[in-house]
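Quick caveat: nothing in here was measured; it's all calculated off a predicted structure. For the single chain, residues carry numbers from 1 onward in sequence order.
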Amino acid sequence: MPEFPEVEALRRALDDPVRAYPIEKAGPAHVATLKTYEPPLKALAGRRFEGAERRGKNLLFPTEDGELVLHVHLMSAGRLRYLRTGEKQPKTPAFKLSFLDGAAIVLTEGGPKKRAKVGVYTPEAIDEELARLGPEAYRLGAERLGEILASDSRRLHAFLRDQRALAGIGRAWANEILLTAKLSPYGLTTELEAEEVERLAAAIDSELARGLELRERAASDKTAYRIHNRLAEPCPVCGTPIARVDFDEHTIFYCSTCQTEGRILKDRRLSRLLR
Ligand SMILES: [Zn+2]
């Protein structure tokens with residue numbers, strides 16, 4: 001599930017290669033993956049990308065002439081790779097874009113569900129599309145974070161994951177950040193003390209920086225995550241077995257010693273509440 005560390009590492013890796021040669025052909029794209037039809041994919045042919053940009057978990061590839069932007073969102077299982085000339089290519093990619101030298105960027109998606117998104121936009125249209133995103137989580141600072149927290153009463157894990165509140169964090173890094181900040185995933189945004197807001201802002205920056213540094217070295221999930229997906233393993237801070245709880249449609253991992261003063265959190269699944 002790519003979040004800021006994964007998407008930013010990918011952006012940095014793609015920034016030079018995507019502008020090395022003009023685009024030969026954009027497509028094919030799976031019908032469920034391509035989210036736009038005007039401008040058409042073929043409008044990219046013959047143009048050159050200016051580089052790779054990122055907004056939250058979105059990858060953006062603006063063309064050098066300033067007319068078009070290719071948008072890619074990997075959702076939970078998408079994988080975007082740059083394949084050099086002659087490198088083996090997957091048979092049925094969800095999306096492929098070839099460059100004049102024979103290199104390509106290729107999107108694949110594990111599993112039968114196609115959730116990743118690709119689209120071609122004008123700069124104005126993509127700005128509008130992404131206008132609802134909150135500010136970038138990384139290096140937001142305690143003051144601004146405090147204002148956003150105060151404006152919206154909800155549980156911290158849900159808040160951190162909400163792209164309209166903060167852009168770039170998902171469920172995995174929310175778990176990592178809350179452990180480092182020593183805050184309960186069920187804590188309420190509006191009930192944090194000033195010192196806790198400081199801790200949360202610092203944890204957002206330190207965890208996202210740690211993740212980015214590891215992902216740039218192609219570290220695996222097992223190396224990158226200290227608490228996420230590590231049920232019953234010892235907490236890396238205090239050794240207490242890591243606990244999990246289901247909240248909405250998400251599974252949260254936490255340490256009851258570091259984060260909840262020994263309390264075990266109760267499941268709060270959306271589906272159960274609706275029944
Ligand atoms: Zn702990």
Side-chain angles (χ1 to χ4, degrees), residues 1-11 14 29 32-39 41 50-63 66-78 80 94-95 107 109 113-175 177-178 185 187-190 192 197 200-201 204-205 207-208 211-212 247-250 252 270:
M1 61 228 59
E3 303 175 24
F4 168 86
E6 294 76 29
V7 180
E8 177 60 17
L10 184 57
R11 184 202 71 74
L14 292 174
T33 308
L34 186 64
K35 298 298 176 193
T36 59
Y37 56 91
E38 188 55 48
L41 267 183
E50 197 172 51
E53 297 175 3
R54 182 193 55 77
R55 180 74 177 92
K57 304 179 193 171
N58 300 270
L59 280 166
L60 302 169
F61 303 93
T63 57
E67 290 182 2
L68 298 173
V69 180
L70 174 71
H71 167 256
V72 178
H73 195 302
L74 299 172
M75 298 303 286
S76 55
L80 191 67
F95 172 66
L107 172 72
E109 196 166 11
K113 285 188 182 136
K114 294 281 172 267
R115 292 208 179 96
K117 302 173 190 175
V118 168
V120 182
Y121 297 84
T122 62
E124 298 73 35
I126 193 66
D127 281 354
E128 203 174 301
E129 197 71 20
L130 302 180
R132 289 171 72 202
L133 286 179
E136 290 290 317
Y138 186 53
R139 293 184 173 158
L140 183 64
E143 195 178 324
R144 189 75 207 286
L145 178 64
E147 291 165 9
I148 302 172
L149 286 162
S151 70
D152 187 4
S153 179
R154 47 216 292 225
R155 296 187 191 278
L156 283 175
H157 199 278
F159 168 82
L160 289 174
R161 280 191 271 113
D162 184 349
Q163 301 306 297
R164 287 166 298 182
L166 293 182
I169 300 171
R171 62 196 183 100
W173 288 101
N175 287 331
I177 288 164
L178 289 171
L188 284 175
T189 51
T190 45
L192 294 187
V197 174
L200 183 57
I204 289 172
D205 288 352
E207 280 304 298
L208 295 183
L212 173 58
F247 177 65
D248 291 353
E249 298 302 310
H250 297 270
I252 297 171
L270 207 55

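By the side-chain hydrogen bond (donor to acceptor under 3.5 Å, both in side chains) test, D205 is found to be paired with no residue, residues two or more places apart in sequence or in another chain being considered. Judged as a side-chain hydrogen bond (donor to acceptor under 3.5 Å, both in side chains), and not counting sequence neighbours, H73 has no contacts. F95 pairs by the ring pair (Phe, Tyr, Trp, His ring centres under 6.0 Å) definition with nothing, not counting sequence neighbours. Contacts of S76 classified as side-chain hydrogen bond (donor to acceptor under 3.5 Å, both in side chains), with partners at least two apart in sequence or in another chain: none. Checked against salt bridge (Lys or Arg N to Asp or Glu O under 4.0 Å), E207 has the following partners two or more places apart in sequence or in another chain: R210. For T36, the side-chain hydrogen bond (donor to acceptor under 3.5 Å, both in side chains) test picks out no residue, with sequence neighbours left out.
No side-chain heavy atom of P2 sits under 4.5 Å from any side-chain heavy atom of L10. Taking the side chain as every heavy atom from C-beta outward, F247 and R171 never approach each other to under 4.5 Å. Considering only heavy atoms from C-beta on, V7 stays 4.5 Å or farther from N58 through its side chain.
With T63 contributing its side chain and L68 its backbone, the two residues share a donor-acceptor pair below 3.5 Å.
Within the model, atoms CG of N175 and NE2 of H157 stand 3.5 Å from one another, a figure rounded to the nearest 0.5 Å. Atom CG of L70 sits about 9.0 Å away from atom CG of L59, to the nearest 0.5 Å. Within the model, atoms NZ of K57 and CD of E3 stand 5.5 Å from one another, a figure rounded to the nearest 0.5 Å. Distance CH2/W173 to CG/L212: 9.5 Å, rounded to 0.5 Å. Atoms CG and CZ, on L188 and F159 in that order, are 12.0 Å from each other to the nearest 0.5 Å.
Pairs engaging residues 148-161 under the salt bridge (charged side-chain N to carboxylate O under 4.0 Å, His left out) rule: D152-R154, R154-D162 [sequence neighbours left out].
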Side chains of residues 113-130: which donor-acceptor pairs under 3.5 Å do they make with residues two or more places apart or in other chains?
{"residue": "T122", "atom": "OG1", "partner": "A125", "partner atom": "N", "Å": "3.1"}

Report all side-chain donor-acceptor pairs from residues 131-149 shorter than 3.5 Å, counting only partners two or more places apart or in another chain.
{"residue": "E136", "atom": "OE1", "partner": "R54", "partner atom": "NH1", "Å": "2.7"}
{"residue": "E136", "atom": "OE1", "partner": "R54", "partner atom": "NH2", "Å": "3.2"}
{"residue": "E136", "atom": "OE2", "partner": "R55", "partner atom": "NH1", "Å": "2.9"}
{"residue": "E136", "atom": "OE2", "partner": "G56", "partner atom": "N", "Å": "2.6"}

